[in-house]
Amino acid sequence: MSLKSNPHIQHGGYDFLYHLGINTKDVDIKKLFNDVKFVCLGGSQSRMFEFVRYIGAQLNVKIGENEEPFNYAYKTDRYCLYKAGPVLCANHGIGIPSLSVVINEIFKLLFYAECKDVIFLRIGTSGGVGIDPGTVVITTNVLNGELKPIHCTTVLGRRIEHPTYVDSDLAKELVNLCPDENYATVLGTTVSVDSFYEGQGRIDGALCDYTDDDRKTFLKSLQEKGVKNIEMESIGLFSFCHRAGYKAAMISVVLVNRLVSDKPTDDDEARKDWEQRPFSIASHFIKSRLDKVEGLA
Ligand SMILES: O=P(O)(O)O[C@@H]1C[C@H](O)[C@@H](CO)O1
Ligand SMILES: O=c1cc[nH]c(=O)[nH]1
């Protein structure tokens with residue numbers, strides 16, 4: 001049997017998931033990963049280390065020896081890969097090129113492991129558009145830097161456009177799970193761009209060819225279109241998962257209101273606290289899905 005999204009990838013042959021440092025000869029991928037139902041992704045390794053400890057405790061499952069998460073990608077320092085029962089956790093780095101590498105290898109890993117009905121969640125951070133720092137955005141629509149709902153890339157020397165698909169039922173389910181009234185969780189459009197500075201209309205990068213008025217006009221126009229946040233991976237996430245046949249959602253806490261400032265909060269404690277908010281929503285979602293499955297059994 002071959003992978004639906006790439007007939008060249010077959011079961012039974014040798015493969016090397018290079019950036020995860022896992023090969024199909026030395027690792028029994030099916031035995032280790034067959035029970036995976038959720039893949040949680042975020043940019044930084046340390047955030048995913050924290051998340052696997054958090055979700056492991058919430059689900060009361062083993063994540064390694066002596067509470068120390070086992071990193072299945074230990075042979076490389078490109079990415080980390082942890083597992084807490086049915087939840088696989090990996091970091092994706094910054095931007096779509098970095099996400100595309102790890103997500104290709106995770107899709108193959110799930111195929112070799114014969115996993116079924118897996119849902120991808122990006123638990124991230126972003127810049128808010130007209131909303132307070134600490135607010136969590138659940139993405140309902142995604143636009144690229146040209147404000148189109150497509151992921152543009154170059155393949156075999158040609159510009160290719162891939163559609164994106166955001167599951168609105170999944171987004172609504174997530175927003176209704178908002179577990180804590182100390183902060184707001186909102187549905188909205190996410191703009192996903194290729195850079196943190198110019199791509200997001202900042203004037204505090206080292207490179208900038210536009211005026212502060214241009215910046216304000218751009219951000220105001222985003223607000224008028226219903227955009228709630230800006231980040232750097234979701235257009236890739238929603239396109240890659242759609243092509244591979246997986247459901248996906250993005251739960252992202254905002255670190256700055258871009259109508260007020262370019263700078264994400266420099267309050268480390270507040271940021272750490274806010275980063276827990278997507279953890280909590282993801283955990284409520286995962287537990288409610290697992291409860292439903294157990295209820296059916
Ligand atoms: O989920 P994280 O916080 O890693 O993602 C956002 C988008 C970019 O990768 C990064 C820029 O600071 O933060
Ligand atoms: O403003 C922000 C904050 C976090 N991540 C982004 O991509 N943008």
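We number each residue from 1, following the sequence as shown. Note that ligands are numbered from 1 as they come in the structure, with each ligand's atoms numbered from 1 the same way.
- Between Glu275 and ligand 1 there is no heavy-atom distance shorter than 4.0 Å.
- Taking a cut-off of under 4.0 Å to the non-hydrogen atoms of Gly124, the atoms of ligand 1 that pass are 1 (O).
- Taking 4.0 Å as the cut-off between side-chain N and carboxylate O, Glu161 and Arg159 count as a salt-bridged pair.
- With hydrogens and angles ignored, the 3.5 Å screen pairs no side-chain donor or acceptor of Asp132 with any backbone N or O of Thr135.
- For Tyr18, the OH atom is loosely surrounded, since the number of other residues' heavy atoms within 6.0 Å does not exceed 12.
- Within 6.0 Å of CZ on Arg78 lie no more than 12 heavy atoms contributed by other residues, nucleotides or ligands.
- The protein heavy-atom contact nearest to atom 4 (O) of ligand 1 is Gly43 CA, 3.0 Å.
- Considering backbone and side-chain atoms alike, Gly42 places every N or O at 3.5 Å or more from each N or O of ligand 1.
- Phe107 and Tyr246 have parallel rings, their planes meeting at less than 30° on a 0 to 90° scale where 60° marks the start of perpendicular.
- Within 6.0 Å of CG on Asn60 lie no more than 12 heavy atoms contributed by other residues, nucleotides or ligands.
- The side chain to side chain donor-acceptor pair (under 3.5 Å) test with Arg215 is passed by exactly one of Thr211, Asp213, Asp212: Asp212.
- Protein heavy atom closest to atom 9 (O) of ligand 1, with residue, atom name and distance, is Glu233 OE2, 2.5 Å.
- In this structure, atom 5 (N) of ligand 2 lies nearest to the protein heavy atom Ser126 CA, 3.7 Å.
- The shortest N/O to N/O separation between Thr125 and ligand 1 falls below 3.5 Å.
- Enclosure of atom NZ in Lys247 is not indicated, since only 12 or fewer non-hydrogen atoms of other residues, nucleotides or ligands lie within 6.0 angstrom.
- By the 6.0 Å contact criterion, CG on Asp194 is open, its count of non-hydrogen atoms from other residues, nucleotides or ligands being 12 or less.
- Ranking the protein heavy atoms by distance from atom 2 (C) of ligand 2 puts Gly127 N, 3.2 Å first.
- Between the side chain of Arg122 and the backbone N or O of Ser252, no donor-acceptor pair lies under 3.5 Å.
- Residue contacts with ligand 2, taken as heavy atom pairs separated by less than 4.0 Å, do not involve Lys263 at all.
- Polar contact check, Gln200 against ligand 2: a nitrogen or oxygen pair lies under 3.5 Å apart.
- Among all protein heavy atoms, the one lying closest to atom 11 (C) of ligand 1 is Phe196 CD1, 3.7 Å.
- Listed by atom number, the atoms of ligand 2 under 4.0 Å from Met232 heavy atoms are 7 (O).
- Ranking the protein heavy atoms by distance from atom 1 (O) of ligand 2 puts Arg202 NH2, 2.5 Å first.
- Under a 4.0 Å criterion applied to the non-hydrogen atoms of Ile94, ligand 1 contributes the atoms 9 (O).
- At a heavy-atom cutoff of 4.0 Å, ligand 2 is contacted by the backbone of Ile230 but not by its side chain.
- Comparing heavy-atom distances from atom 5 (O) of ligand 1 across Met232, Arg122, Arg271 singles out Arg122 as nearest.
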